[in-house]
There are 2 protein chains.
Amino acid sequence: LGFREGFVEELVTLPKIATDLPEAGELTEERRRGAAALGFGLEMLQSSFLVEDDIMDKSETRRNKPCWYRVDGVGMMAVNDASMLECIIYDLLKNHCYASRNFLKIWELFQETRLKTIAGQCLDGISELERGSRILDQCTMDRYRKIIVYKTAYYSFHCPMISGMLLAGEDDSELIAAVGKVLLRIGEYFQTQDDYLDCYGDVSVTGKVGTDIQDGKCTWLLVKALEIADQAQKQILEENYGQKSTECVGKVKQVYEELNIQDAFKSYEERTLNELRNSICSFDAGETVSMLLRSILNLIKRRDC
Amino acid sequence: LGFREGFVEELVTLPKIATDLPEAGELTEERRRGAAALGFGLEMLQSSFLVEDDIMDKSETRRNKPCWYRVDGVGMMAVNDASMLECIIYDLLKNHCYASRNFLKIWELFQETRLKTIAGQCLDGISELERGSRILDQCTMDRYRKIIVYKTAYYSFHCPMISGMLLAGEDDSELIAAVGKVLLRIGEYFQTQDDYLDCYGDVSVTGKVGTDIQDGKCTWLLVKALEIADQAQKQILEENYGQKSTECVGKVKQVYEELNIQDAFKSYEERTLNELRNSICSFDAGETVSMLLRSILNLIKRRDC
Ligand SMILES: [Mg+2]
Ligand SMILES: [Mg+2]
Ligand SMILES: [Mg+2]
Ligand SMILES: [Mg+2]
Ligand SMILES: [Mg+2]
Ligand SMILES: [Mg+2]
């Protein structure tokens, strides 16, 4: 939860792209509408999540504007607005995708996506609570992965492409499961990049100053650092992570430096890209699926903002 | 939104009762489970609404306990919890009502019910905003009716019985529409009682001291008073309604007294009960439907808490 605008818009076009699948047959007006409805539905789902997330995180701004709940005359009615955004997705899909023989599967995918994201937000909330007591103990790679896959990868990567495949008439549930796995791993990679850029991105390119260290966020960098740090370094992280002062942030970054976290990320990134490319190549299920996955990967690989 | 516990539990048994409809045929284990799932689903839908409503209304307590968002360690994560409660309804219904040929209709009824309730909350929120500027202008009987039907009657009366009928296999859409209309009018009557009891109920019976006048709520009593008040009385209402002080509340009650609002309510109540009884009798669609509607009406008519 925390996308740049551009990315989202490109990702949302996925269902539209996915109607190019050979199974889809002719691109009729009906299917074009169906694909557009999926895109709108995903936007509304995301908007609903973001409105709620900002309330829960007590955020001030979103995309350089005040968060919705902070707008004059909105306040906590934003809770109801978020529900409304989400609730009308069903009508939208019903009005434009009902003719698809996979309509119910598409709807169930949206339901499942919503449930996973909610579960991810819940896990994330629990981590924050626990960090209150014994701060960094919970930040293991396993837990980190679970949180980002649930709270980001399902709705941002899995649902867009799989819903498109379903609309295109894809019925091979094994293929769908296999593609789904790759999408979740792409989503995971996307979030680790987000964490990396928060700390090491070029502000003139990313357009925002990172605050993950100050905010005590459970990030890839922190989790990796905790994995390889010695007792003294762990102690420093424990004492300075999640503190607002520039001095504390500096100390955390100093530990990252000592541990060569940047290099660790770069080599994790190369390994991940290789693995992903191999998985994508191994699909013998028609060129289009591989091509789509490759284009998603190309969209985000080694991105600098 | 603001039921006493007992009522809700009785109303939630409605889908169970409704499986007694002749169309249902034998009461199989499967249908018993389906009916229980409807009951649970309604409870979860309501809980989700109440958690959100308490956040939006900044309420302190619910059923004599702190509101969920005020519980230690919960806070605004309650927003996510409310979504989760609602989100799992689909799985619940899918697991237990999927065999019904009306499964999709049942799900769509839940969706529609949710959307109506959200719309009702929205209307309600807008009234509160507007009241900020030119306080009592918006409190017309038309608007009042719309708000209470949307925010309360659909989920509390309409959905429970109609979902039960659908599960029982009822397919007559005209009958469903006609029964639905009566249920909405029963729900409307229920809320007017709630408003009456807030002001004139016996605290030793209702168990709570009303605060609608202090809170500036748009109630049946206020709307009726505004309909028949003269300029001077309107002025008093305008100046004193929605104020916390005992003196202001006293002045409002004084105007109610002058206008014989209690009598107006009693005669509205008798008229409504007659109309409802007549509509219920006019169903020639089998004894069971009329019997169920009658039993709902008997459950709430002239209630004192
Ligand atoms: Mg956030
Ligand atoms: Mg968050
Ligand atoms: Mg970030
Ligand atoms: Mg309330
Ligand atoms: Mg309310
Ligand atoms: Mg009340």
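We name chains A, B, ... by the order of the sequence lines, and we start the count at 1 in each one.
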Open item on the list: With rounding to the nearest 0.5 angstrom, report the CG to CD distance, A/Asp91 to B/Gln111.
Closed with: 7.0 Å
Task: Closest approach of B/Ile118 to A/Asn80 (non-hydrogen atoms, all atoms of both residues) - done: O-ND2, 2.9 Å
TODO: For A/Glu86 and B/Arg114, run side-chain contact (heavy atoms from CB on, under 4.5 Å): C-alpha distance rounded to whole Å, both residues' side-chain angles, the deciding distance at 0.1 Å, then the answer.
DONE: CA-CA 11 Å; A/Glu86 190 279 317; B/Arg114 195 174 153 230; 2.7 Å; yes
Task: Nearest-0.5 Å distance, OG of residue B/Ser83 to CD of residue A/Glu52 - done: 3.5 Å
Task: A/Met77 side, atom CE; B/Asp124 side, atom CG - distance, nearest 0.5 Å - done: 7.5 Å
Task: Atom NZ of A/Lys244: over 12 foreign heavy atoms under 6.0 Å - done: yes
TODO: Please name the pair of heavy atoms, one in B/Met84 and one in A/Cys122, separated by the smallest distance, quoted to 0.1 Å.
DONE: CE-CB, 4.1 Å
Open item on the list: A side-chain contact here means heavy atoms from C-beta on lying under 4.5 Å apart; do B/Leu104 and A/Leu104 qualify?
Closed with: yes
- [ ] With side-chain contact (heavy atoms from CB on, under 4.5 Å) as the test, would you mind laying out the steps for A/Lys94 and B/Glu108 before giving the verdict?
- [x] CA-CA 10 Å; A/Lys94 192 181 171 188; B/Glu108 288 179 349; 3.0 Å; yes
TODO: Classify the ring geometry between B/Tyr90 and A/Trp107 as parallel (under 30°), tilted (30 to 60°) or perpendicular (over 60°).
DONE: perpendicular
Open item on the list: Run the side-chain contact (heavy atoms from CB on, under 4.5 Å) test on A/Asp53 and B/Val79 for me, step by step, so that the C-alpha distance in whole Å, both residues' side-chain angles and the decisive distance to 0.1 Å come before the verdict.
Closed with: CA-CA 9 Å; A/Asp53 186 63; B/Val79 173; over 6 Å; no
